[in-house]
Amino acid sequence: IFRKYPNKYESIIATLCENLEDLDEPEAKASMVWIIGEYADRIDNADELLESFLETFQEETAMVQLQLLTATVKLFLKQPDTTQEMVQRVLNLATEHSDNPDLRDRGYVYWRLLSSDPEAARAVVLSQKPEIGDDTSTLEPALLEELIGHISTLASVYHKPADSFVVKTIQSSSEEDDDDYEDEEDAGAGAEETYDSTGAAQSSYATNNNSNNLLDLMDDEPVSAAPTAAAAAVSGPAKASLVKAEAGHGIAISGVMVKSNGKISLEMDITNTTATPVQALAIQLNKNAFGLGPVNPQITFSSVSNGGTASASLALVATPQMYNPQDTTGGVQAAIKNLASNTVFYFTIPISMEVCFTPGPAMDTNALVEAWKKIDESLEVSALVNDLPTAEVEAVKAKLAAHDIAFVAKRDVPGQEGQQYAVYLTARTVTNATLLVELKFKTGMNLCKVTVRSPNKGLSELCKLAVAKLLI
């Protein structure tokens with residue numbers, strides 16, 4: 001009713017708020033929560049009303065939980081100074097303590113929006129909603145009949161014929177490269193990507209690898225998430241922007257995850273654009289695919305005055321308590337609190353997967369062959385790497401060994417003796433996950449096909465990207 005007749009019946013909101021105790025049906029609760037979030041700027045005690053629902057958040061139905069999540073984010077965007085703790089608690093409940101994928105996904109979307117661009121979050125969450133109306137009668141009969149015939153396509157959503165918004169393209173692929181690396185064991189292998197000397201991924205044909213998922217999005221994570229994290233990993237010691245000053249309440253942070261002497265750390269540069277010196281920050285990480293957490297939650301650095309920058313090193317360690325096996329995004333969601341102002345901001349730290357490899361027990365050839373056969377081909381991922389600085393096996397082995405990727409065996413490709421050969425390696429993560437790696441080389445050519453198998457396709461995808469970047 002409020003949507004269909006805006007600014008007509010809002011006067012009854014106060015009466016509705018006085019009768020929250022009478023609500024027992026999920027639909028009624030969800031509707032009331034929506035009203036509180038949508039009209040929070042008109043309800044003096046909106047935070048208290050939402051708090052009364054949050055006490056039983058985990059017992060509520062999915063419908064009510066989704067509305068509570070959205071309403072709390074709306075309230076935070078309208079009253080950020082008084083609801084930071086509430087929105088953080090709701091986001092944690094939605095992303096860490098719920099088995100509902102819709103609730104988790106929405107929580108991650110909101111968390112990313114709030115951590116990366118609050119203005120974008122405001123534009124999305126608080127956008128002006130159109131009035132509800134029925135426009136089916138305005139469609140031409142011929143168009144309506146065509147749309148009904150395409151009811152399961154986007155045409156019925158856009159109310160336009162498909163040929164008015166679908167552009168047909170022809171995507172070329174290098175059949176020669178594909179033929180060079182096909183044999184009886186590779187038929188039906190997964191989709192490939194091509195990497196050149198710039199480290200950029202180029203799709204050689206449409207990929208069907210569904211990269212698993214920030215912060216526990218599992219299978220719903222966009223395919224670009226893993227390459228983004230891996231690309232950041234290959235940048236070496238160069239620090240990437242993690243938090244912009246606008247999102248960090250005047251604090252900007254750049255950083256990169258590195259490993260030195262077997263120990264993982266986040267190396268950061270902290271810049272202060274506020275008038276108040278920044279002296280102490282505390283960090284909290286979400287559970288993640290590699291179980292990484294801070295050794296000490298307080299970030300130690302010298303006091304930073306306005307316009308100044310200080311460097312800080314945050315030691316990280318993998319623990320079972322921080323391990324989330326369903327997260328394969330290649331990133332860690334983080335929250336930092338300025339202990340002087342009590343402001344909190346959120347962001348994502350890209351994980352360089354090669355820093356998460358650790359030495360493991362040696363695997364012999366027979367064990368690798370058996371392990372390889374036990375993993376279904378549907379879990380295999382591969383990529384073609386061009387412009388290698390060297391295709392010499394010993395040099396490649398040494399380069400990968402420096403990142404704890406262990407050599408197992410080398411053999412000629414059956415039917416291609418003297419022309420193609422394969423190198424097999426294993427990698428083990430800090431969470432004791434084992435990944436099997438195959439590198440195929442063609443004599444006289446500086447390119448390589450990287451194939452990875454493991455029971456976790458998301459981790460295989462991250463490993464594939466990391467190995468491809470290390471080879472370049």
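Along the sequence shown, residues are numbered consecutively beginning with 1.
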For the atom pair [atom1] ([X]) and [atom2] ([Y]), what is the distance rounded to the nearest 0.5 Å?
X	Y	atom1	atom2	result
L103	L93	CG	CG	9.0 Å
T95	H97	OG1	NE2	7.5 Å
S382	R453	OG	CZ	10.5 Å
R89	L91	CZ	CG	11.5 Å
I336	I251	CD1	CD1	7.5 Å
N446	T390	CG	OG1	9.0 Å

Looking only at heavy atoms, which two atoms of [X] and [Y] are closest? And how far apart?
X	Y	result
T273	A245	OG1-CB, 3.8 Å
L439	C448	CB-SG, 3.7 Å
R122	L77	NH2-O, 3.3 Å
V64	P26	CG2-O, 3.5 Å
K259	V355	CD-O, 3.4 Å
Q84	N342	OE1-O, 3.4 Å

Side chains of [X] and [Y], heavy atoms from C-beta outward: is any pair under 4.5 Å?
X	Y	result
L436	T451	no
V396	F441	yes
T426	F407	no
F301	L281	yes
S265	L314	no
V317	I264	no
I405	L470	yes
Y424	R411	yes

- State which residue, out of L388, L447, D387, fulfils the side chain to side chain contact (heavy atoms under 4.5 Å, CB included) condition with L471. L388

- Message: Between V258 and V256, is the side-chain contact (heavy atoms from CB on, under 4.5 Å) condition met? List the steps.
- Response: CA-CA 6 Å; V258 301; V256 63; 3.9 Å; yes

Flag, side chain of [X] to backbone of [Y], donor-acceptor distance under 3.5 Å:
X	Y	answer
K78	G37	yes
T443	Q419	yes
N92	Q88	yes
Q65	F57	yes
N338	T343	no
S98	N100	yes

- Query: Are there more than 12 heavy atoms of other residues, nucleotides or ligands under 6.0 Å from atom NZ of K399?
  - Reply: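 Enclosed.
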
- Message: Heavy-atom count check: over 12 atoms from other residues, nucleotides or ligands less than 6.0 Å from E85 CD?
- Response: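 For E85, atom CD is not crowded (no more than 12 foreign heavy atoms under 6.0 Å).
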
- Item | Worked check of side chain to side chain donor-acceptor pair (under 3.5 Å) between T70 and R106 | CA-CA 8 Å; T70 300; R106 186 180 295 190; 2.9 Å; yes

- Any Lys/Arg nitrogen of D327 or R104 sitting under 4.0 Å from an Asp/Glu carboxylate oxygen of the other?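 Salt bridge flag = no for R104 with D327.
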
- Residues E267, K239: salt bridge by 4.0 Å N-O rule: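 Not counted as a salt bridge, because no side-chain N and carboxylate O are separated by less than 4.0 Å.
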
- Will you find, in the side chains of D404 and T358, an N or O donor that is under 3.5 Å from an N or O acceptor?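 T358 and D404 do not have a side-chain donor-acceptor pair below 3.5 Å.
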
- Any chance the side chains of S254 and S241 put a donor and an acceptor closer than 3.5 Å?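 Short answer, no.
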
- Task: Report the relative orientation of the aromatic rings in Y346 and W111; use parallel for angles under 30°, tilted for 30 to 60°, perpendicular for over 60°.
- Result: perpendicular

- Run the numbers on M353 and L459 for side-chain contact (heavy atoms from CB on, under 4.5 Å), then give the verdict. CA-CA 9 Å; M353 187 172 184; L459 280 182; 4.3 Å; yes

- Please report the C-alpha distance between D376 and S378 in whole Å, then the side-chain angles of each, then the deciding distance to 0.1 Å, and finally whether the side chain to side chain donor-acceptor pair (under 3.5 Å) criterion is met. CA-CA 5 Å; D376 192 88; S378 63; 2.6 Å; yes

- Query: So is K29 actually on top of F53's ring, under 6.0 Å and inside 45° of the axis?
  - Reply: no

- Would you sort out whether N288 and L292 count as a side-chain contact (heavy atoms from CB on, under 4.5 Å), showing the intermediate values? CA-CA 7 Å; N288 54 84; L292 295 177; 3.8 Å; yes

- Task: Begin with the C-alpha distance, continue with both residues' side-chain angles, and end with the deciding distance and a verdict on side-chain contact (heavy atoms from CB on, under 4.5 Å) for V423 and E438.
- Result: CA-CA 6 Å; V423 175; E438 177 190 67; over 6 Å; no

